[in-house]
Undergrad: 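I have a structure here, written as structure tokens, and I will follow up with some questions on it.
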Amino acid sequence: MSQDRTGDHDRTADREHATYDVEGVQEKWQKAWVDLDPFTADDDSPREKRYALTMFPYPSGDLHMGHAEVTALHDVIARYWWQQGYEVLNPMGWDSFGLPAENAAIRNDEHPATYTYANIETQFDSFQKYGLSFDWTRRLHTSDPEYYRWTQWLFLKFRERGLAYRKNSPVNWCPKDQTVLANEQVVDGACDRCGTVVTKRELTQWYFKVTDYAQRLLDDMEPLHGSWPERVLTLQRNWIGRSEGAHVDFDLHLADGTTRTVGVYTTRPDTLYGATFMVVAPDAPLAAEIVAPDRREQHAAYLEEIRRASDIDRLATDRAKTGVDLGVTATNPVTGERVPVWAADYVLADYGTGAIMAVPAHDQRDLDFARKFDLPVRRVVDTGEENPEETGVATAGDGTYVNSGGADGLDGLSDKAAGIARITARLEAEGRGQGAVNFRLRDWLLSRQRFWGCPIPIIHCERCGEVAVPEDQLPVVLPELKGADLKPKGVSPLAAAEEWVNVDCPQCGVPAKRDSDTMDTFVDSSWYFLRYCSPDYTDGPFDVEAVRRWGPVDQYVGGVEHAVLHLLYSRFFTKVLHDMGMVDFVEPFSALLNQGVVINRGKKMSKSLGNGVSLGEQLAEFGVDAVRLTLVFAGPPEDNIDWADLSPAGSLKFLQRAWRLSGDVTSPAGVDPAEGDVALRRITHRTVHEAAELLEGQRFNVVVARVMELVNATRKAIDAGCGPADPAVREAAEAVTILLSLVAPYVAEEMWERLGHAPSVARAGWPSVDERLLVQESVTAVVQVQGKVKARLEVSPDVSEADLEAAAMADEAVQRALAGRSVRKVIVRAPKLVNVVVGA
RNA sequence: GCCCCGGUAGUCCAACGGCAGAGACAGUGGUCUCAAACACCAUCCAGUGUGGGUUCGAAUCCCACCCGGGGCACCA
């Protein structure tokens, strides 16, 4: 409430100085909202549904500026939907499995749950103080057994469908976190989480067969254009990396006189005549199988050398080519020539077949290799450029085929597509190859050698092999390990938990062992948005009907860092669940908003730079509403915002001004605005109308500016216009309050009460707009001569082109500008503009 | 190297191809005050990164370049 005054001042001064008590208002309404409960989503509501979701946090410490920004933006959308009359599902929970808790547990000799659930409570309290419209009845934690029971269930279902399998393969290993990582979690050769350089290990691990869904993951992005950031779609497209080409069979002639056929994948089968050697990935099993006995040692040494090299070295772009001759030859299927077979690490074991045909003339990598090891270069496409063999620059472009089997081959053709089609058809006819599509996407490595995650519900039996834990025995609950028991040692700490790991085989009853790895936490978060629809459901991961009611997510908000992680995995899960008949849709998130990052003084906030901004301190100094307003007003939601450019003090000042309006209104609640001041009413209705359009377009910063305008206009009307008693002033103040409720819920609630209404303003409903008030009484038409403004005319908005032109030509200033010049053309855009073009 | 996104007052940001300014921050001057803070009023500040083009008219569309940010980068 307003501050204590001494009474020396007159009423006007008092009113001008009046401010509300930010803390008091927050406390008052936070308490009141618990009973008012305006945001619990009703499963049975007849209203149209909207599902608003913001990426749930990992519980590391308290909330920070990043959380404050994303939830403030997200809340604007959710609250707008409520005001528009939708039944809104807006849940929140915690992604509560993960390494930080485990590391803290080791440090403090405790169970990871201690750290986890303590932080969850801290964050929960902070979220509540922050005034967000979450439906807390649906709160979930992925580390709760009631939740991860269903993560395990889904794993088993995926396995039944052949989508979860185990294989031995070289994998990414983070030496610091002591666990394997998925491809998506390795960035520039380093661990996504801790930045440690990743090494390779040969391990048997669990995978999800995402590659089976590569084409659908690509195709189903099509309808997302326009509602997902183009950037994310591009990232996913690149990550999936579809390419078209052909498989071509080469016969290999081994040292022992036998022959075997090896397929290679190429996007340029049309250059097959120029394939003068073959290259095999040194670490592919094929290399070891085919290497000639006298080269075995060399190959082994080379293999050792590249195993030692980190991905960082391997990825260096200017790195010289290395390799060894395997002492074997292959027959080029179209020329019949015998070509040498080499092993080189520029060929990757896990892409295509791990072997390539090398066409040095038209592929830079092959050319570099050929020049280094003196291998022949044969040009088969004449692009008009100089001979690659001499320049060292491969010509990858289009041209005319030469040296390509004469007229029976491709010679003379100059259309690449036709060349590819012809050679592919010929290979197919001869049974030596076929057209093929390839993807860069790899299967998702999901096992982790750490404790604080969802156990993999598999039992390894010597007699039966891998046995699924029977459904009625789920969940496989984590044992009570803590402190030193959790120290990473290269295998999961679970392996050492004797009592836990040793079980009888559910199939044959002999002693067996549980799988001791846990799942990647991205598995947990790949389906949480479905669980929210029926968080207490006990007969499955979710109630199919509830998901039919609420799904898919209409608006997802979160950071762009998950472009190829969480978002790709969730899309994959949704498609599998669709195929299982459990969800109707194939895409989980209809619209996506990537909020920007909050930085300070041009740099990312960090301890070492000492430029961190404490959310708690900002909230204490300026209040929740001002901080939220500051973040929303800072700029377009997807832009990064620099805290140093912002003014939470300015935001608070504005909120005080807005609040003051609610005390100045003297007309009673419920008064008919129809008789009110038309000028102010026009502004109010136009603002409400435009605000809706801007909100639909997620132009939240502009909405705030519009509300500021309306506040300014209302202030002016009270002080120097129609006065505080005019019903239009009440109408304007109420519109301000409802608009403000999306961003600054506390002060809006307080204003709503002061205006004589019952809470909650959050459910007051969007103000209705009178179309007639959107039409201006008169508009200013601009008259230009040669594009330069010469006059302004006040005209009716529905003025005819002819009338406007006549008025413009009659204008004195226009006549002066036209003096002595001939009018060549008059462009009329009624009612806004006339441009007179004069003769040359 | 390739592909995206963005360059508008001192700052953050607005502007259906049609008056460059909606809003704010920071200045400056004033009213109020013993004085200050608050509040209020007024006011200063750019011709839109550069160079071309299309158009009656370009911040907006096209081309090239410069700068900043992001992504991809031996994927055959």
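The chains referred to below are lettered A, B, ... by the order of the sequence lines, with proteins before strands, and numbering in each begins at 1. Given the structure is predicted, the values throughout are model-derived calculations rather than measurements. All values below come from the heavy atoms of this structure, side chains included, with hydrogens, waters and symmetry mates left out.
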Undergrad: Counting side-chain heavy atoms from CB outward, which of B:A76, B:C56, B:G23 is closest to A:Asn712?
TA: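 Closest nucleotide among those given: B:G23.
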Undergrad: Restricting to side-chain contact (heavy atoms from CB on, under 4.5 Å), what partner residues turn up for A:Thr271, sequence neighbours left out?
TA: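 Counting only residues at least two positions away or on another chain, A:Thr271 forms a side-chain contact (heavy atoms from CB on, under 4.5 Å) with A:Arg268, A:Met357, A:Val359, A:His362, A:Val380, A:Val381.
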Undergrad: With rounding to the nearest 0.5 Å, note down the distance linking CG in A:Asn640 to CD in A:Gln595.
TA: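 One finds 9.5 Å between CG of A:Asn640 and CD of A:Gln595.
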Undergrad: Which residues pass the side-chain contact (heavy atoms from CB on, under 4.5 Å) test with A:Leu609, sequence neighbours left out?
TA: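 For A:Leu609, the residues satisfying side-chain contact (heavy atoms from CB on, under 4.5 Å) (neighbours in sequence not counted) are A:Lys603, A:Ser606, A:Asn611.
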Undergrad: For A:Gln786, which residues count as a side-chain hydrogen bond (donor to acceptor under 3.5 Å, both in side chains) partner, sequence neighbours excluded?
TA: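 Not a single residue meets the side-chain hydrogen bond (donor to acceptor under 3.5 Å, both in side chains) criterion with A:Gln786.
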Undergrad: Assuming nearest nucleotide by heavy-atom distance, tell me which of A:Lys716 and A:Ala355 is located more 5' along RNA chain B.
TA: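 Result: A:Lys716.
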Undergrad: Rounded to the nearest angstrom, tell me the gap between atom CG in A:Leu661 and atom P in B:C40.
TA: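 Spelled out: CG on A:Leu661 to P on B:C40 is 11 Å.
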Undergrad: Distance alone, cut at 3.5 Å: any donor-acceptor contact between the side chains of A:Trp239 and A:Glu184?
TA: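 Checked: A:Trp239/A:Glu184 side chains pair up, N/O donor to acceptor below 3.5 Å.
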Undergrad: How does protein reach along nucleotides 6-18 of chain B, written 5' to 3' as B (base within reach of a heavy atom under 4.0 Å), S (only sugar-phosphate), or - (no contact)?
TA: -----SSSSSB-B
Undergrad: Regarding A:Arg442, tell me which of base, sugar-phosphate or nothing describes its non-hydrogen contacts under 4.0 Å with the strands shown.
TA: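 Result for A:Arg442 = base.
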Undergrad: Using the glycosidic torsion, which applies to B:G47: syn (within 90° of 0) or anti (everything else)?
TA: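 Syn, which is what one calls it when the glycosidic angle falls within 90° of 0.
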Undergrad: Does a side-chain N or O from A:Tyr351 land closer than 4.0 Å to OP1 or OP2 of B:A76, or not?
TA: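 It does, given that an N or O in the side chain of A:Tyr351 lies less than 4.0 Å from OP1 or OP2 of B:A76.
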Undergrad: Could you tell me how far B:A14 sits from B:A73 if I compare only their P atoms? Round to whole Å.
TA: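 Approximately 32 Å lies between the P atom of B:A73 and that of B:A14.
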Undergrad: Should A:Arg440 be listed as having a side-chain N or O under 4.0 Å from OP1 or OP2 of B:C72?
TA: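 So the side chain of A:Arg440 is outside the cut-off, no N or O lying under 4.0 Å from OP1 or OP2 of B:C72.
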Undergrad: Given atom CG of A:Leu710 and atom P of B:G23, what is their separation to the nearest angstrom?
TA: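 Distance, rounded to whole Å: 12 Å.
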Undergrad: Can you name the residues that form a side-chain hydrogen bond (donor to acceptor under 3.5 Å, both in side chains) with A:Trp342, not counting sequence neighbours?
TA: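 Scan of A:Trp342 (side-chain hydrogen bond (donor to acceptor under 3.5 Å, both in side chains), adjacent residues dropped) gives none.
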Undergrad: Taking only heavy atoms on the protein side, list every residue of residues 228-248 of chain A lying under 4.0 Å from any atom of RNA chain B, sorted numerically.
TA: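 Per residue number, the list reads A:Arg231, A:Leu235, A:Ser243.
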Undergrad: Who are the salt bridge (charged side-chain N to carboxylate O under 4.0 Å, His left out) partners of A:Arg379, not counting sequence neighbours?
TA: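 Once residues adjacent in sequence are excluded, the partners of A:Arg379 under the salt bridge (charged side-chain N to carboxylate O under 4.0 Å, His left out) criterion are A:Asp382.
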Undergrad: Please give, in whole Å, the distance from B:C4 P to A:His225 NE2?
TA: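 Atom NE2 in A:His225 sits about 14 Å away from atom P in B:C4.
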Undergrad: Could you tell me how far B:U33 sits from B:A26 if I compare only their P atoms? Round to whole Å.
TA: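 Approximately 25 Å lies between the P atom of B:A26 and that of B:U33.
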Undergrad: Can you name the side-chain hydrogen bond (donor to acceptor under 3.5 Å, both in side chains) partners of A:Glu709, sequence neighbours left out?
TA: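 With neighbours one apart ignored, the set is A:Arg706.
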Undergrad: Please give, in whole Å, the distance from B:C72 C1' to A:Glu184 CD?
TA: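 Those two atoms, CD and C1', are 15 Å apart.
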Undergrad: Considering only the C1' atoms, how many Å lie between B:C61 and B:G27, rounded to the nearest integer?
TA: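 About 38 Å, rounded to a whole number of Å.
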Undergrad: Taking only the C1' atom of each, what is the distance from B:U28 to B:A9 in whole angstrom?
TA: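 One C1' to the other, the span is 15 Å.
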Undergrad: Output the rounded distance in Å from CZ (A:Arg268) to P (B:A76).
TA: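 Taking CZ of A:Arg268 and P of B:A76, I get 12 Å after rounding.
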Undergrad: What stems, by residue range, does RNA chain B take part in, given at least 3 consecutive Watson-Crick or G-U pairs under 3.5 Å?
TA: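 Paired runs of 3+ in RNA chain B: B:1-7 with B:66-72, B:10-12 with B:23-25, B:27-31 with B:39-43, B:49-53 with B:61-65.
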Undergrad: Expressed as a whole number of Å, how far does the P atom of B:G69 sit from that of B:C12?
TA: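 That atom pair is separated by 15 Å.
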Undergrad: Suppose you measure atom P in B:G49 against the same atom in B:A20; what distance do you get, rounded to whole Å?
TA: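 Here B:G49 and B:A20 have their P atoms 16 Å from each other.
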Undergrad: Does A:Lys653 reach a base, just sugar-phosphate, or nothing at all? Heavy atoms under 4.0 Å.
TA: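 Sugar-phosphate, backbone atoms only, no base.
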Undergrad: Could you label the plane-to-plane angle of the A:Phe373 and A:Phe369 rings as parallel, tilted or perpendicular, counting under 30° as parallel and over 60° as perpendicular?
TA: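 Tilted, since the angle between the ring planes falls between 30° and 60°.
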Undergrad: For the P atoms, the ones on B:A39 and on B:A24, what distance do you get once it is rounded to whole angstrom?
TA: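 Taking atom P in both B:A39 and B:A24, they lie 13 Å apart.
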Undergrad: Distance between the C1' atoms of B:C13 and B:U48, in whole angstroms?
TA: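 Straight-line distance between the two C1' atoms is 13 Å.
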Undergrad: Taking A:Arg715 first and then A:Asp664, would you say they form a salt bridge - that is, a charged N and a carboxylate O separated by under 4.0 Å?
TA: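 Judged by the 4.0 Å cut-off on N to carboxylate O distance, A:Arg715 and A:Asp664 do form a salt bridge.
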Undergrad: For residues 347-359 of chain A, which residue pairs qualify under salt bridge (Lys or Arg N to Asp or Glu O under 4.0 Å), counting only residues two or more places apart or in two chains?
TA: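 Non-adjacent pairs meeting salt bridge (Lys or Arg N to Asp or Glu O under 4.0 Å): A:Asp350-A:Arg442.
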Undergrad: Checking all strands, does A:Val347 fall into the base, sugar-phosphate, or nothing category for heavy-atom contacts under 4.0 angstrom?
TA: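 Counting heavy atoms under 4.0 Å across all strands, the contact made by A:Val347 includes a base.
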Undergrad: What residues form a side-chain hydrogen bond (donor to acceptor under 3.5 Å, both in side chains) with A:Glu244, not counting sequence neighbours?
TA: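 Partners of A:Glu244 by the side-chain hydrogen bond (donor to acceptor under 3.5 Å, both in side chains) criterion, ordered by chain and then number, come out as A:Arg242.
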Undergrad: For A:Val782 and for A:Met357, find the nucleotide of RNA chain B with the closest heavy atom, then tell me which residue's nucleotide is more 5'.
TA: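 So the residue in question is A:Val782.
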Undergrad: With the side chain of A:Arg657 defined as its heavy atoms from C-beta on, choose the nearest nucleotide among B:A39, B:C40, B:C74.
TA: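 Taking heavy atoms from C-beta onward, the closest nucleotide is B:C40.
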Undergrad: Once side-chain contact (heavy atoms from CB on, under 4.5 Å) is applied, do any residues pair with A:Phe633, and if so which ones, sequence neighbours excluded?
TA: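 For A:Phe633 the side-chain contact (heavy atoms from CB on, under 4.5 Å) partners, ignoring immediate neighbours, are A:Val704, A:Ala705, A:Met708.
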